[in-house]
J.: 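Provided herewith is a single structure, encoded as structure tokens, for subsequent inquiry.
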There are 2 protein chains.
Amino acid sequence: MRDSELPAIRRLPLFRTMSEENFMSLTRAAYVQTFPPQVLLIEEGAQPDFLHIVMEGAVELFAGWHRRETTMAIVRPVSTFILAACIKDAPYLMSARTLEKTRIILLPVGDLNSIFRRDPDFAMATVEELASCYRRVVRQSKDLKLRSTRERLAAYVLRKSADAGGTASLVLPVEKRLLASFLGMTPESLSRAMRSLKDDGAKIDGQRVIITDRAALEALARPSILIDGPDFERAEEPDTSSATP
Amino acid sequence: MRDSELPAIRRLPLFRTMSEENFMSLTRAAYVQTFPPQVLLIEEGAQPDFLHIVMEGAVELFAGWHRRETTMAIVRPVSTFILAACIKDAPYLMSARTLEKTRIILLPVGDLNSIFRRDPDFAMATVEELASCYRRVVRQSKDLKLRSTRERLAAYVLRKSADAGGTASLVLPVEKRLLASFLGMTPESLSRAMRSLKDDGAKIDGQRVIITDRAALEALARPSILIDGPDFERAEEPDTSSATP
DNA sequence: ACGGTGATTTGACCCAGATCAAAACTGAAG
DNA sequence: CTTCAGTTTTGATCTGGGTCAAATCACCGT
């Protein structure tokens with residue numbers, strides 16, 4: 001592994017708080033590999049062997065059932081994936097494949113679990129991480145069950161815009177085919193929904209989306225902090241101003 | 001709290017492994033309340049105050065968005081809910097209401113977190129619990145995205161049958177209106193889907209479902225361990241028989 | 001038993017989104 | 001530059017489920 005990569009990993013919430021000693025021993029045991037696009041990294045149903053960390057590129061998490069397939073998440077650097085399966089030592093519920101040339105760090109579950117068992121700070125970080133993962137999926141479920149396809153797409157565009165710092169113009173980070181699957185619709189529906197957003201404040205040009213009327217788009221998407229994030233919410237700071245009951 | 005309830009709580013995976021001392025101090029700080037049906041226990045967006053444990057009755061977890069509402073889960077005794085929000089001290093993503101007369105134990109988040117921070121066994125159990133919750137929601141998402149309403153209903157019936165020990169006859173544990181919402185369909189659709197299952201090996205009579213042809217029902221639902229559970233999967237036992245490659 | 005309220009079912013209709021088919025575009029390999 | 005394969009768009013059509021409305025049904029409390 002490149003030493004230059006260690007700080008980026010260390011900065012992840014999952015590893016930030018653990019002891020230096022344990023961090024070193026964990027990363028010393030790690031494997032690193034670079035994969036071309038479209039490589040199957042993980043097959044659902046298999047037993048976990050490594051906690052994966054994406055350093056460069058992108059990974060699709062997807063699930064299949066009887067000829068059908070759906071995209072569950074897209075993982076970009078720097079983040080870990082399939083932590084829950086590793087912790088439970090239970091079969092993967094999702095498959096994973098590279099979308100681009102992708103550099104992955106593999107931490108053997110054995111090392112992970114043994115350190116996890118003796119480093120309380122790491123255990124604590126794991127709890128935080130799993131709680132975040134859980135809440136992310138709950139949000140996705142709500143998005144899926146409560147919004148129509150157009151509303152879902154509009155909300156997605158607003159989220160990405162927010163991620164990019166609130167810019168009006170943004171580039172879709174993935175193929176539309178994938179985005180459609182992630183959003184729970186067909187590519188055809190996505191294409192049409194996207195075009196139909198012109199009347200609601202967003203137009204598309206290739207991979208670029210331009211928000212022409214944020215108010216209108218928000219009127220459609222009705223973004224909610226309880227669905228659309230942000231992912232890392234915290235309790236409100238205590239109000240330091242004078243009492244306002 | 002009734003002392004007779006303590007063993008049932010203690011038996012929960014979340015509390016089974018913690019020290020007796022911490023368990024006692026946690027439960028000594030607890031409140032107990034019995035609520036009539038249809039009482040709102042938790043409102044989404046609020047800050048967590050207590051970890052809830054259902055001792056008797058049933059609780060619906062649901063989420064709303066702009067006039068729409070959907071059932072996310074139904075919690076039955078003895079189990080905890082909204083652990084993730086408590087751990088992260090982040091706003092509830094779901095609301096909760098009683099469905100029946102329900103007895104709830106409330107553990108103040110303060111006590112929970114302080115014990116959680118000094119009892120490694122409890123921290124470990126929390127990790128397991130959160131990983132389970134996460135995997136449950138991932139399964140639900142897959143169910144929702146990959147199956148049609150009829151398939152989803154068929155799979156639900158098979159799951160409930162399995163829960164009941166594989167019996168052919170079972171009683172729906174909740175109102176159909178709720179079940180419909182949980183399964184992501186309207187009551188009308190549920191009603192029709194249910195009747196249409198007659199051709200696929202299941203018939204309904206009031207709240208009772210009778211599986212008349214399990215093979216046919218399975219052909220429709222195509223149950224998968226990666227969607228339909230069981231919830232508490234474990235790694236395979238090593239095969240002790242002679243090698244069969 | 002009687003009314004009343006909400007759950008469930010049934011029927012008629014509709015529509016969002018899927019499917020099927022084909023054209024237009026895009027990009028990588030030679 | 002051309003070819004080829006995959007993606008995206010467009011058009012036409014279909015249909016799974018939703019919506020609306022009304023009839024039953026089931027379970028209350030009186």
Side-chain angles (χ1 to χ4, degrees), chain A residues 36-38 58 60 66-71 74 97-101 143-156 171-200 202-209 220-221, chain B residues 36-38 58 60 66-71 74 97 99-101 143-154 156 171-200 202-209 220-221:
Chain A
Q38 299 300 325
E60 176 194 6
H66 170 238
R67 314 280 129 184
R68 290 171 222 175
E69 191 176 300
T70 189
T71 303
I74 286 149
R97 71 165 75 94
T98 56
L99 292 175
E100 323 164 356
K101 183 157 177 288
D143 193 35
L144 212 53
K145 288 181 83 174
L146 291 167
R147 294 210 258 235
S148 72
T149 55
R150 299 183 73 236
E151 290 163 346
R152 212 148 59 236
L153 176 58
Y156 175 85
V171 177
L172 295 178
V174 291
E175 279 185 347
K176 291 188 188 139
R177 189 180 53 87
L178 272 183
L179 177 56
S181 176
F182 175 66
L183 293 177
M185 59 186 89
T186 60
E188 295 96 321
S189 288
L190 175 65
S191 176
R192 282 186 253 265
M194 199 65 106
R195 225 152 45 79
S196 84
L197 286 190
K198 188 146 32 183
D199 303 331
D200 296 274
K203 66 190 178 64
I204 185 146
D205 174 35
Q207 290 286 103
R208 178 167 297 277
V209 180
L220 173 63
Chain B
Q38 299 301 325
E60 176 194 6
H66 172 239
R67 313 282 130 183
R68 291 171 221 174
E69 192 176 299
T70 189
T71 303
I74 285 148
R97 71 165 73 96
L99 291 175
E100 323 165 356
K101 184 158 176 286
D143 192 36
L144 213 53
K145 288 182 85 174
L146 291 166
R147 295 211 259 235
S148 71
T149 57
R150 298 183 73 236
E151 289 163 347
R152 213 148 59 236
L153 176 58
Y156 175 85
V171 178
L172 296 178
V174 291
E175 280 185 346
K176 291 186 188 141
R177 189 179 54 89
L178 271 183
L179 178 56
S181 176
F182 176 66
L183 293 177
M185 59 186 89
T186 60
E188 295 95 320
S189 289
L190 175 65
S191 176
R192 282 185 253 265
M194 199 65 107
R195 223 153 44 81
S196 83
L197 287 190
K198 188 146 32 182
D199 303 330
D200 296 274
K203 66 189 176 65
I204 185 144
D205 175 34
Q207 291 287 102
R208 179 167 297 277
V209 179
L220 174 62

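Below, each value reflects all heavy atoms present in this structure, side chains not excepted, and no hydrogens, waters or symmetry copies. Each chain gets a letter, A, B and so on, in the order the sequences are listed, and its residues count up from 1. This is a predicted model, so every value here is computed, not measured.
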J.: In whole Å, what is the span from the CZ atom of B:Arg195 to the P atom of C:dT9?
T.: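 Taking CZ of B:Arg195 and P of C:dT9, I get 9 Å after rounding.
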J.: Mind calculating the distance between CD (A:Glu151) and C1' (D:dG18) to the nearest angstrom?
T.: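 Atom CD in A:Glu151 sits about 14 Å away from atom C1' in D:dG18.
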J.: Please step through salt bridge (Lys or Arg N to Asp or Glu O under 4.0 Å) for the pair B:Glu151 and A:Arg68, ending with a clear verdict.
T.: CA-CA 13 Å; B:Glu151 289 163 347; A:Arg68 290 171 222 175; 3.0 Å; yes
J.: Over how many whole Å does the gap from A:Leu197 atom CG to C:dA16 atom P extend?
T.: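 One finds 14 Å between P of C:dA16 and CG of A:Leu197, rounded.
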J.: Roughly how far, to the nearest 0.5 Å, is CZ of B:Phe182 from CG of B:Leu190?
T.: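 Between atom CG of B:Leu190 and atom CZ of B:Phe182 there are 12.5 Å.
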J.: Just to confirm, is there a sub-4.0 Å distance from OP1 or OP2 of C:dA16 to any side-chain nitrogen or oxygen of A:Thr149?
T.: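 Checking C:dA16 against A:Thr149, no side-chain N or O comes under 4.0 Å of OP1 or OP2.
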J.: Between B:Lys176 and B:Ser191, is the side chain to side chain contact (heavy atoms under 4.5 Å, CB included) condition met? List the steps.
T.: CA-CA 8 Å; B:Lys176 291 186 188 141; B:Ser191 176; over 6 Å; no
J.: Phosphate oxygens OP1/OP2 of C:dA16: is one of them under 4.0 Å from a side-chain N or O of A:Ser148?
T.: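 It does not, given that no N or O in the side chain of A:Ser148 lies less than 4.0 Å from OP1 or OP2 of C:dA16.
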J.: Rounded to the nearest Å, what distance is computed from the CG atom of residue B:Leu178 to the P atom of nucleotide C:dT8?
T.: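 Taking CG of B:Leu178 and P of C:dT8, I get 8 Å after rounding.
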J.: Rounded to whole Å, how long is the line connecting atom CG of A:Leu183 with atom P of C:dA16?
T.: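 Roughly 18 Å, once rounded to whole Å.
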J.: Hey, is the side chain of B:Ser189 poking within less than 4.0 Å of OP1 or OP2 on D:dG18, counting only N and O atoms?
T.: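 Yes, such a contact exists.
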J.: Please determine if a side-chain N or O atom of B:Arg192 lies less than 4.0 Å away from the OP1 or OP2 oxygen of C:dT8.
T.: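 Indeed not, no polar side-chain atom of B:Arg192 lies that close.
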J.: When you look at B:His66 and A:Arg147, which way does the side chain to side chain contact (heavy atoms under 4.5 Å, CB included) test go after all the steps?
T.: CA-CA 9 Å; B:His66 172 239; A:Arg147 294 210 258 235; over 6 Å; no
J.: Nearest of C:dA7, D:dT7, C:dT10 to any side-chain atom of B:Glu175?
T.: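 Per side-chain heavy atoms of B:Glu175, the pick is C:dA7.
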J.: Whole Å only: how far is the NZ atom of A:Lys176 from the P atom of C:dT26?
T.: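 A:Lys176 atom NZ is separated from C:dT26 atom P by 10 Å.
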J.: Here's a test of your reading of the structure: between A:Glu188 and A:Arg147, which maps to the more 5' nucleotide of DNA chain C?
T.: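 On the 5' side of the pair lies A:Arg147.
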J.: Hey, what do you get for NZ (B:Lys203) to CE (B:Met194), rounding to the nearest 0.5 Å?
T.: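 That separation rounds to 12.5 Å.
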J.: Using whole Å, what does the distance between atom P of nucleotide C:dT8 and atom CE of B:Met185 come to?
T.: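 Those two atoms, CE and P, are 14 Å apart.
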J.: When the distance from CD of B:Gln207 to P of C:dT9 is rounded to whole Å, what number comes out?
T.: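 Nearest whole value for this atom pair: 8 Å.
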